[in-house]
Amino acid sequence: MDNEKERFERFLHNNMPEEPFDPDKVLAAACGDMPNYQPSERFKKGMEKLLRQSKKQERIRRAKNFFLGKGVARFAVAMSLMLCTVLVVQANNGAIFDLFFQTHQSHTGIQLTEQIRQELLADKLNGVDIPVYFPRYLPEGYTITDVKVFSQKITFQLTKDSYFISISQCALNEYNGKIGVDSEGAPLEKLTVNGQEAFYKVKEDALCLYFFDNYNYYKIIGNSLSKKEIIRIAESLEMVVGF
């Protein structure tokens, strides 16, 4: 039995076709010549093995042709053209610096877990009787250095060396439902934060973002942030104390 199996495998190896084939077509041709022929299970398994080996050899052959032929050169040219297109578009939009610096800068922060946020705020929100929102995302290296709590307002001050971030929230109610946004000294750019209208400006080397939700008015100011970072901070605000 072992010798027969060895001869059969050697036959399959020595008769491996160079191109992939369809075993159903081979079987149909055989049945056409021998109408009463019924293949054995062993024959079927052998044909399936032969098919797998044929497909494997075809994949190897195509890979060799690609890397030894013109495939790599064509791929390199296509990637170069794609990169050049991206750079040209970004340059035309005046955002080439933002592409290489600010985009990277916006990914150097940390995503705070619920446990870390609770540890940061545990000793700073005692006695607070208003809902408090705090970001889940913060640029790396910043720590909370001050928290000011008023009856309807709370402000977090975060610092890193000589840099700062100030996050303020003020409750909206029937008395202060209309809060003005300071546009003096710098034009305001309209944005959207979490589906709500927002206003962004740069004044005296500080970035300012003002926005609202159904309950609060928020103001975020920072002197070492990118536009993408300050928006990401705003979009990650979540309630940490509720009533």
Set of residues satisfying side chain to side chain donor-acceptor pair (under 3.5 Å) with respect to S168, sequence neighbours excluded | T155
Separation between CZ (F150) and SG (C170), nearest 0.5 Å, reads 10.5 Å
Here the salt bridge (charged side-chain N to carboxylate O under 4.0 Å, His left out) pairs for residues 149-170, sequence neighbours left out, are none
When you look at CD of E204, are more than 12 heavy atoms from neighbouring residues, nucleotides or ligands closer to it than 6.0 Å?
-> no
Contact list for residues 112-125, test side-chain hydrogen bond (donor to acceptor under 3.5 Å, both in side chains), sequence neighbours left out = E114-R117, E114-R136, Q115-E119, R117-E238
What closest approach, in Å, do P135 and I167 show between heavy atoms, and which atom pair accounts for it?
-> CG-CD1, 3.7 Å
Q196 and F212, any side-chain heavy atoms less than 4.5 Å apart | no
Are L225 and Y163 side-chain neighbours, meaning at least one heavy-atom pair lies under 4.5 Å?
-> no
By the rule that ILVMFWY residues connect when side-chain heavy atoms come within less than 4.5 angstrom, directly or transitively, which residues belong alongside F164?
-> I221
Would you check if L120 and L112 make a side-chain contact, meaning some heavy-atom pair closer than 4.5 Å?
-> yes
Might you work through the side chain to side chain contact (heavy atoms under 4.5 Å, CB included) test for L191 and K227, ending with a clear yes or no?
-> CA-CA 11 Å; L191 301 174; K227 181 179 178 181; 4.2 Å; yes
Under the side chain to side chain contact (heavy atoms under 4.5 Å, CB included) criterion, do Y133 and I154 qualify, and how do the steps go?
-> CA-CA 9 Å; Y133 290 77; I154 185 167; over 6 Å; no
Contacts of type side chain to side chain contact (heavy atoms under 4.5 Å, CB included), residue T143, not counting sequence neighbours | T145, T159
Interatomic spacing from CG in L138 to CD in Q111 - rounded to 0.5 Å | 9.5 Å
Sequence neighbours left out, what passes side chain to side chain contact (heavy atoms under 4.5 Å, CB included) with L121? Give chain and number order.
-> L125, F134, I144, F156, V240
Sub-4.5 Å side-chain heavy-atom contact between Y218 and V193 = no
E235: salt bridge (charged side-chain N to carboxylate O under 4.0 Å, His left out) partners, not counting sequence neighbours | none
When you look at F211 and E197, which way does the side chain to side chain contact (heavy atoms under 4.5 Å, CB included) test go after all the steps?
-> CA-CA 6 Å; F211 59 101; E197 189 174 53; over 6 Å; no
Selection residues 205-225 - residue pairs positive for salt bridge (charged side-chain N to carboxylate O under 4.0 Å, His left out), sequence neighbours left out = none
What pair of heavy atoms forms the shortest contact from I233 to P139, and how long is it?
-> CD1-CD, 3.7 Å
Minimum heavy-atom separation for A234 to N194, with atom names?
-> O-ND2, 3.7 Å
Heavy-atom closest pair (I230 atom, Y200 atom, distance to 0.1 Å) is CG2-CE1, 4.2 Å
Listed partners of K148 passing side chain to side chain donor-acceptor pair (under 3.5 Å), at least two apart = D146
To the nearest 0.5 Å, atom CD1 of I220 lies from atom CD1 of I165 at 8.5 Å
Is L237 close to Q169 at the side-chain level, that is, under 4.5 Å between some pair of heavy atoms?
-> no
